[in-house]
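Every number for a ligand or one of its atoms is a count from 1 in the order of the listing. Just so you know, these numbers use all the heavy atoms, side chains as well, and skip hydrogens, waters and symmetry mates.
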Amino acid sequence: MIKVDVKGCESFVDEAKYQEYVGKALEAFDVLKNETGAGNDFLGWKKLPRYISDRELHDYEAIRDKWSRKGVDLVIAIGIGGSYLGAKCVMEALSHSFAKQLKRKDGIEVVFAGNNLSEEYYAELMDLAAERNVACIVISKSGTTTEPAVAFRIVKQHIEARYGKAEAADRIVAITDAAKGALKTLATQENYETFVVPDNVGGRFSVLTPVGLLPICVAGYDVRALVEGAQDACTGLGIKSEKNPAVIYAAMRNYLNTELGKSTEILVNYNPKLTYVAEWWKQLYGESEGKDGKGIFPASVNNTADLHSMGQFIQEGSRLMFETVLHVENAQRSVVIESDNQNLDQLNFLAGKHVEYCNHMAELGTQLAHIDGGVPQMAVNMEKVDAFNLGSLLYFFEFACGISAYVLGVNPFNQPGVEAYKKNMFALLEKPGYEKETAAIRKRIQ
Ligand code: PA5
């Protein structure tokens with residue numbers, strides 16, 4: 001079970017005032033649980049771990065097995081934001097750091113597209129596709145997002161040209177809305193196998209729907225353990241208590257922001273495998289809380305690497321931030337530092353110690369230094385980086401996000417601000433129907 005440790009905040013906190021925030025978080029817990037808050041038609045993610053059936057997981061495995069039989073060795077997963085980051089973060093966390101160089105395969109190699117509009121990226125993706133046996137999972141809840149639609153047009157044409165239209169339909173799976181959107185229309189017309197993103201689950205809360213689970217399964221990772229971990233968290237976090245880790249996390253981050261002006265939260269990891277967990281978390285909290293002129297800016301660092309880049313700023317720069325450390329209790333591999341006869345690097349005092357012991361001391365030393373530097377510290381503890389614990393972690397952050405955003409006083413489940421860039425982009429690209437906006441934006445940039 002995920003635990004939250006706030007000892008590193010104690011010296012910054014007025015206990016009585018903090019307890020008010022615990023009270024607010026408990027009220028927000030009720031709002032979330034009873035589904036009485038803003039955006040309550042988007043709470044499908046809350047009970048999702050309990051309703052993922054064996055049949056559903058079997059369907060994902062069937063696609064993985066079918067593509068394996070065809071010799072598929074590259075799946076292009078197309079999606080952006082919540083239709084990409086969940087799968088990406090789980091795969092990065094569970095894969096061997098050097099899988100490519102070792103030519104190790106957990107399953108079919110999955111690469112991502114539709115998360116940028118770089119022409120070079122797509123040219124290079126097609127270089128790769130040309131050499132491989134390709135299939136595609138195209139994901140868009142709305143079915144109308146430009147970046148994945150552009151990517152899909154390119155990938156679809158490649159697959160159809162190589163394998164023919166009928167075989168292409170067997171190599172393309174669409175994940176989208178049950179009834180509406182351009183992708184749904186296309187999938188029906190082209191006879192693609194299709195999975196549905198439930199209406200009541202927003203993109204950034206969709207990792208435990210087909211959006212996350214199908215690519216993760218195809219890539220060969222243990223979706224069953226991931227779901228079990230989420231189920232475990234779902235049960236544990238469903239209990240109203242001031243000891244509930246989601247309540248503690250939501251209370252403390254709101255206290256630090258509102259009472260101490262700590263308006264930036266840095267998610268810190270000490271394991272490169274967790275880099276994309278932070279990217280997923282940034283979308284989750286950034287889009288859920290950053291609205292109505294409010295919110296805590298979500299940032300991240302990868303330590304110890306970033307102690308040699310951002311460390312200076314965090315220690316002594318403007319005092320805007322607090323840190324939340326993703327603390328992993330146990331490494332799953334063992335590397336011991338050996339003694340050296342010459343000891344020219346003067347590291348013999350570490351002989352016999354595990355590298356992870358040094359990592360933990362770096363983590364502890366950094367936390368204490370940052371506390372001394374005026375940066376409150378929280379820790380989110382997970383036992384190890386495996387599918388079960390990741391499932392728990394992702395669900396924990398989702399549940400805590402709902403509570404936290406309600407404490408902040410915003411609707412966690414909309415993202416009206418995302419439309420602004422799209423409107424300008426469509427005007428600049430001269431999309432039909434945007435003629436007025438095109439004329440206006442032209443004048444602005446002359
Ligand atoms: O959280 C959200 O809903 C968004 O960030 C979406 O994930 C993102 O915009 C992608 O949308 P879609 O899946 O509709 O293409």
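Counting heavy atoms from C-beta outward, Ser68 and Ile108 have side chains that approach closer than 4.5 Å.
In terms of N/O distances under 3.5 Å, ligand 1 is not approached by Pro148. Taking only nitrogen or oxygen atoms, main chain and side chain alike, Lys422 does not reach within less than 3.5 Å of ligand 1.
In this structure, Tyr406 has its ring center no closer than 6.0 Å to that of Phe29. For Trp280 and Tyr276, the gap between ring centers reaches or exceeds 6.0 Å. Residues Phe322 and Phe12 keep their aromatic ring centres 6.0 Å or farther apart.
For the pair Lys24 and Tyr21, the distance from NZ or CZ to the six-membered ring centre is under 6.0 Å and the angle to the ring normal is within 45 degrees.
Atom 6 (C) of ligand 1 has Gly82 N, 4.0 Å as its closest protein atom, hydrogens excluded (heavy atom only). Summary of contacts: the protein heavy atom closest to atom 11 (O) of ligand 1 is Thr145 OG1, 3.6 Å. Atom 3 (O) of ligand 1 has its closest protein heavy atom at Gly203 N, 3.2 Å.
Those atoms of ligand 1 that come under 4.0 Å of a heavy atom in Ser83, given as number and element, are 7 (O), 12 (P), 13 (O). For ligand 1, the atoms sitting less than 4.0 Å from at least one non-hydrogen atom of Ile80 are 7 (O), 8 (C), 10 (C), numbered in the order shown with element in parentheses. For ligand 1, the atoms sitting less than 4.0 Å from at least one non-hydrogen atom of Ser142 are 12 (P), 14 (O), 15 (O), numbered in the order shown with element in parentheses. In summary, the atoms of ligand 1 found under 4.0 Å from a heavy atom of Glu287, numbered by their order in the structure, are 1 (O), 2 (C), 4 (C), 5 (O).
A salt bridge does not link Glu323 to Lys262: none of the charged nitrogens lies less than 4.0 Å from a carboxylate oxygen.
Note that atom 14 (O) of ligand 1 has protein non-hydrogen atoms nearby, at separations under 4.0 angstrom.
Side-chain contact, Glu430 with Tyr434: no donor N or O sits under 3.5 Å from an acceptor N or O.
Heavy atoms only, all atoms of each residue included: Gly39 and Phe413 are closest at O-CD1, 3.4 Å.
Considering only non-hydrogen atoms, atom 5 (O) of ligand 1 lies nearest to Gln283 out of Gln283, Arg204, Glu147.
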